[in-house]
Structures are given as C-alpha cells and as structure tokens.
Peer 1: 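Before anything else, here's the structure in question.
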Protein chains: 2
Amino acid sequence: MRINTRFAVAIHVLVLIELNKYKDISNTSEHLALSVNTNPVVIRRIIAMLKKANLITVKAGVGGASLKRPPQNISWLDIYHAVQSDDEFMLFNKHEHPNQNCYVGASIHEVIDEPLHIAQKTMEEKLSTFTLLDAITPIAKKNKIAL
Amino acid sequence: MRINTRFAVAIHVLVLIELNKYKDISNTSEHLALSVNTNPVVIRRIIAMLKKANLITVKAGVGGASLKRPPQNISWLDIYHAVQSDDEFMLFNKHEHPNQNCYVGASIHEVIDEPLHIAQKTMEEKLSTFTLLDAITPIAKKNKIAL
DNA sequence: ATTTGATGTAACTATTATTGTTACATCAAA
DNA sequence: TTTGATGTAACAATAATAGTTACATCAAAT
C-alpha cells in the first residue's frame, strides 16, 4: 500500500493557489481541477482539509483561495498532516489481534512499536525540511514569474 | 492510506521461526497462523515472499521454515522490501495525469519527485538500522530463552 | 509403495479506502 | 435578485488487502 495521492495533489493545488496570483487566474475548484486533471469536488475536499489545517483561507461563494502563511512557512509535513485522516497518524499498520496466549503474540506489538514509530518520525522530520517555496521556486523560474 | 500489515506480520513470523527452535515447536503455517491469529494461507503467502527474498528456507511437504541468515544479519528494511509488491517501491503516490498544458501541471511531478524520494529513503535507511535480533532479544529475555 | 501431513497456489469473497461523480443547499458579490 | 462559486451528502467505480475454500504437490515415515 502506498500513501494516497491527496498529498501530491495538495502540493499541486497550493502551488497553483500561490502562483495564479501572478497570472491573474482565479483559484476556483474548477480551474484547479483542470490542472490536476480531476473532478472539482475532489479538489474541494482537499481544499477543505487544507482550510481545516489553517493553511489557506477560502471565500465561500466567490472563487478565491489564498495561503494563510507565506510559502516558506508552510512545510511539506504541514501539508502531509493536513491531508491524512485522523487514524493515519501511524504510518505502519499492525495486525490487530495477535494471540495473547502465545509467548510471541503477547509481546510482538510492544516490541515493534518503537522502531516503527522512529522510522515514521524520521520520514516526517525530513518532510518538515521542505517548504512550499521549494516547489514554487523552480516553476516560477521556468515560467519567468518574479516572486 | 497506511502501509499494510504484511510487514508487521512478517516480523512476527520471523521471530517465531527463530524462537520456536528453542521451544521445539514446529513452524507449520498452522502454528504460525495461531500466533498471528489469521488464516494459514495468509501466512503461507507471506512465507512465500520471505522465501523469494532469500530470508528463509522452507521444506515443502514437511513443516519446517528456518532463517537463511542469523537474525542480526536480517534488517527490518530487508523484511520491509520482502513483503512489498514491485510497484510499491515508491512510498508516495502521485496523481497520474496532471494537465501538461498547464504551467504547473507540466512541472509538478519533477518538482516533487526528489523530496519525496529523499523522505522515503530516510525512512528506509532508519529501518535498515534495526535487525530481526532487536525484535527477538526482548521476547527471548522475557521468556527466559537463552539465545 | 503408501500413507500422512505439510506446502504451494488458484480462485473466490468480504471489507475497506480512494477517487470520481451527481446533485443540491448555501453563500457572497455584482 | 441574479450569478457563479463553495460545502457537502450520497452514491458508484476501482483497487488492494485480508480471509477462506479447495486441491494439487511434495517429502518423510511407516
């Protein structure tokens, strides 16, 4: 199993929200969906998660999403966490009911918990070193957009 | 989405395979399934993956799986890779068809690829620092099994 | 050789999460 | 009041996992 596409789509959408300002393109879910190549409702769902995570503001009714913080202050970890559902704070899944009457089954969870948590944390810490600006800069450059 | 339970089950099974030697319990898929609390076929499928990855040998016909290398030479990354399907070498999924006619859609994949790959690699490198012995030792101690 | 009890594997089901889609109430600005 | 957007529920399609049944095959012991 792999991490869902919401994370990649969220980065894509946030880049658009920021750069579209320079191109006078309005950030409607329809416009964003065209670039991502999906249905507008898929975009709105992700927009809703980003809003809940306080990364963007959206004016309901009229098309207009914008970042709540400058892109250098939005880390990829912020974005990653924003689009994960609550039960996904654990990256690694475990079999739920190992046999407690078996000497291994009774202990296996506590034995593997910490290393798995450490591995996950390491990945998340690395994500936290990247910011939205890292995604925006090369695209702005290629399109001669002065930030 | 979370990483499937095969990884956790595989560690569980490998611990059993090694420690059952000291308890004169045979490593049939049925015994292993009892401890994991699942169907024997689920175990056989994971056993097949571990065999393919050269981590264990299994004598077909008669119940008897055993490690191919000492547990300190089997890393959690070895196990993790063993139970992932081929298309899962990428941890992070991406939306497959961003609009190539959009200035962002055309570049988003190449922009996010490297950071995602780095984050994944970091996690995998951390997994490679743990070995099967790390899971075996505390359980052996708790059960007074002298390794 | 035959029996026994295991593995190997195909095929099917159930469950679950994601993603896509339709529909519609609600909102904010012109 | 109209317009064109968001917010969200509800449902469908797809895909992966995990569980299950069934059975061919194998290897050792009798």
Side-chain angles (χ1 to χ4, degrees), chain A residues 1-10 12-13 17 20 25-53 56-66 83-99, chain B residues 1-10 12-13 17 20 25-34 36-52 56-66 83-99:
Chain A
M1 252 183 194
R2 298 152 82 184
I3 289 168
N4 60 44
T5 62
R6 288 199 298 266
F7 182 32
V9 172
H12 186 154
V13 164
I17 286 176
N20 275 348
I25 303 172
S26 74
N27 290 317
T28 66
S29 60
E30 198 164 347
H31 283 161
L32 299 174
L34 274 175
S35 175
V36 173
N37 206 350
T38 185
N39 191 291
V41 175
V42 173
I43 299 296
R44 284 183 223 147
R45 278 202 283 249
I46 288 170
I47 288 276
M49 295 175 111
L50 296 173
K51 207 171 74 170
K52 195 175 173 191
I56 60 174
T57 49
V58 183
K59 275 190 230 157
V62 54
S66 57
V83 297
Q84 301 308 117
S85 54
D86 294 338
D87 63 321
E88 281 168 334
F89 62 95
M90 289 301 286
L91 178 62
F92 297 96
N93 228 166
K94 284 172 301 204
H95 48 309
E96 289 194 331
H97 305 296
N99 185 347
Chain B
M1 253 184 196
R2 297 151 82 183
I3 290 169
N4 60 44
T5 62
R6 289 200 297 267
F7 182 32
V9 171
H12 187 154
V13 164
I17 286 176
N20 276 348
I25 302 172
S26 76
N27 291 316
T28 65
S29 59
E30 198 164 348
H31 282 161
L32 300 173
L34 273 175
V36 173
N37 207 350
T38 185
N39 191 290
V41 174
V42 173
I43 299 296
R44 283 183 223 148
R45 279 201 284 245
I46 288 170
I47 287 277
M49 296 176 111
L50 296 173
K51 207 170 76 169
K52 196 175 174 192
I56 60 173
T57 49
V58 183
K59 275 189 230 158
V62 56
S66 56
V83 296
Q84 300 307 119
S85 53
D86 294 338
D87 63 321
E88 282 168 333
F89 61 95
M90 290 300 287
L91 178 61
F92 296 96
N93 228 167
K94 283 171 301 203
H95 48 310
E96 289 194 331
H97 306 297
N99 185 347

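Residue numbering restarts at 1 for every chain, and letters A, B, ... go by the order of the sequence lines. Hydrogens, waters and symmetry mates are skipped; everything else that's a heavy atom, side chains included, is used. These numbers were taken from a predicted model, which means no experiment stands behind them.
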Peer 1: Return the nearest nucleotide to the side chain of Lys59(A); candidates are dT17(D), dA29(C), dT18(C).
Peer 2: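 The nucleotide sitting nearest to the side chain is dA29(C).
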
Peer 1: Are Val9(B) and Asn4(B) close enough that some pair of their side-chain heavy atoms sits under 4.5 Å apart?
Peer 2: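 The answer is no; the side chains never approach within 4.5 Å.
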
Peer 1: Whole angstroms only, please: what is the CD-C1' distance between Gln84(A) and dA17(C)?
Peer 2: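 Nearest whole value for this atom pair: 12 Å.
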
Peer 1: Quick check: closest heavy atoms across Ile3(B) and Asn93(A), and the distance to 0.1 Å?
Peer 2: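 Ile3(B) and Asn93(A) have their closest heavy atoms at O-CB, 2.8 Å.
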
Peer 1: Could you tell me if the side chain of Arg6(A) sits less than 4.5 Å from the side chain of Met49(A), heavy atoms only?
Peer 2: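 With C-beta onward as the side chain, the pair touches.
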
Peer 1: Output the rounded distance in Å from CD1 (Ile56(A)) to P (dT6(D)).
Peer 2: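 My rounded result for the distance is 11 Å.
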
Peer 1: Could you check which of dT7(C), dT6(D), dT21(C) has an atom nearest any side-chain atom of Asn39(A)?
Peer 2: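 Among dT7(C), dT6(D), dT21(C), the one nearest the side chain of Asn39(A) is dT21(C).
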
Peer 1: Only stems of 3 or more consecutive Watson-Crick or G-U pairs count here, both distances under 3.5 Å; name the ones for DNA chain C, or none.
Peer 2: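 DNA chain C stems, ordered by first number: C:1-30 with D:1-30.
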
Peer 1: Arg6(B) has an atom CZ; how far is it from atom P of dA16(D), in whole Å?
Peer 2: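 Rounding to the nearest Å, CZ of Arg6(B) and P of dA16(D) are 11 Å apart.
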
Peer 1: Under 4.0 Å from OP1 or OP2 of dT6(D): is there any side-chain N or O of Ser29(A) that close?
Peer 2: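 Ser29(A) to dT6(D) OP1/OP2: side-chain N or O found under 4.0 Å.
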
Peer 1: Round to the nearest Å and state the distance from Glu96(A) atom CD to dT16(C) atom C1'.
Peer 2: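 Those two atoms, CD and C1', are 12 Å apart.
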
Peer 1: Taking atom C1' of dG7(D) as reference, at what distance in whole Å does atom CD of Glu30(A) sit?
Peer 2: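 Roughly 16 Å, once rounded to whole Å.
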
Peer 1: Between His95(A) and Thr38(B), does the side-chain hydrogen bond (donor to acceptor under 3.5 Å, both in side chains) criterion hold? Intermediate values first, please.
Peer 2: CA-CA 9 Å; His95(A) 48 309; Thr38(B) 185; over 6 Å; no

Peer 1: Tell me what Thr38(A) touches on the nucleic acid: a base, only sugar-phosphate, or nothing, going by heavy atoms under 4.0 Å.
Peer 2: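 Counting heavy atoms under 4.0 Å across all strands, the contact made by Thr38(A) is with sugar-phosphate only.
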
Peer 1: Between Pro98(B) and Asn37(A), is there a side-chain heavy-atom distance shorter than 4.5 Å?
Peer 2: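 No, their side chains stay 4.5 Å or more apart.
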
Peer 1: Determine, step by step, whether Val13(A) and Leu32(A) satisfy the side chain to side chain contact (heavy atoms under 4.5 Å, CB included) criterion, reporting the C-alpha distance in whole Å, the side-chain angles of both residues, the deciding distance to 0.1 Å, and the verdict.
Peer 2: CA-CA 7 Å; Val13(A) 164; Leu32(A) 299 174; 4.1 Å; yes

Peer 1: Check DNA chain D against residues 40-52 of chain A and give the residues with a non-hydrogen atom under 4.0 Å, in numerical order.
Peer 2: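 Per residue number, the list reads Val41(A), Arg44(A), Arg45(A), Lys51(A).
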
Peer 1: Using whole Å, report how far CD1 of Ile3(B) lies from P of dT16(C).
Peer 2: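 After rounding, the reported distance stands at 21 Å.
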
Peer 1: With heavy-atom distances below 4.5 Å as the criterion, would you say the side chains of Asn99(A) and Val36(B) are in contact?
Peer 2: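 SC-SC contact between Asn99(A) and Val36(B) ruled out.
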
Peer 1: Kindly say if Thr5(A) contacts the phosphate of dT19(C), meaning a side-chain N or O under 4.0 Å from OP1 or OP2.
Peer 2: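 Affirmative; the distance criterion is met.
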
Peer 1: Within the 4.0 Å heavy-atom criterion, would you say Asn37(B) contacts the bases, only the backbone, or no part of the nucleic acid?
Peer 2: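 Here Asn37(B) touches no strand at all.
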
Peer 1: Can you give me the closest heavy-atom contact between Ile25(B) and His31(B), atom names plus distance?
Peer 2: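 Looking at all heavy atoms of both residues, the shortest contact is CG2-ND1, 3.9 Å.
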
Peer 1: How close or far is atom C1' of dG4(D) from atom CG of Asn27(A), stated in whole angstroms?
Peer 2: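 For the pair Asn27(A) CG and dG4(D) C1', the rounded distance is 15 Å.
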
Peer 1: Which heavy atom of Ala10(B) sits nearest to which heavy atom of Leu50(B), and what is that distance?
Peer 2: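 Closest approach of Ala10(B) to Leu50(B): CB-CD2, 4.2 Å.
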
Peer 1: Quick one: His97(A) NE2 to dA18(D) C1', roughly how many Å, whole number?
Peer 2: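 These atoms are roughly 13 Å apart.
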
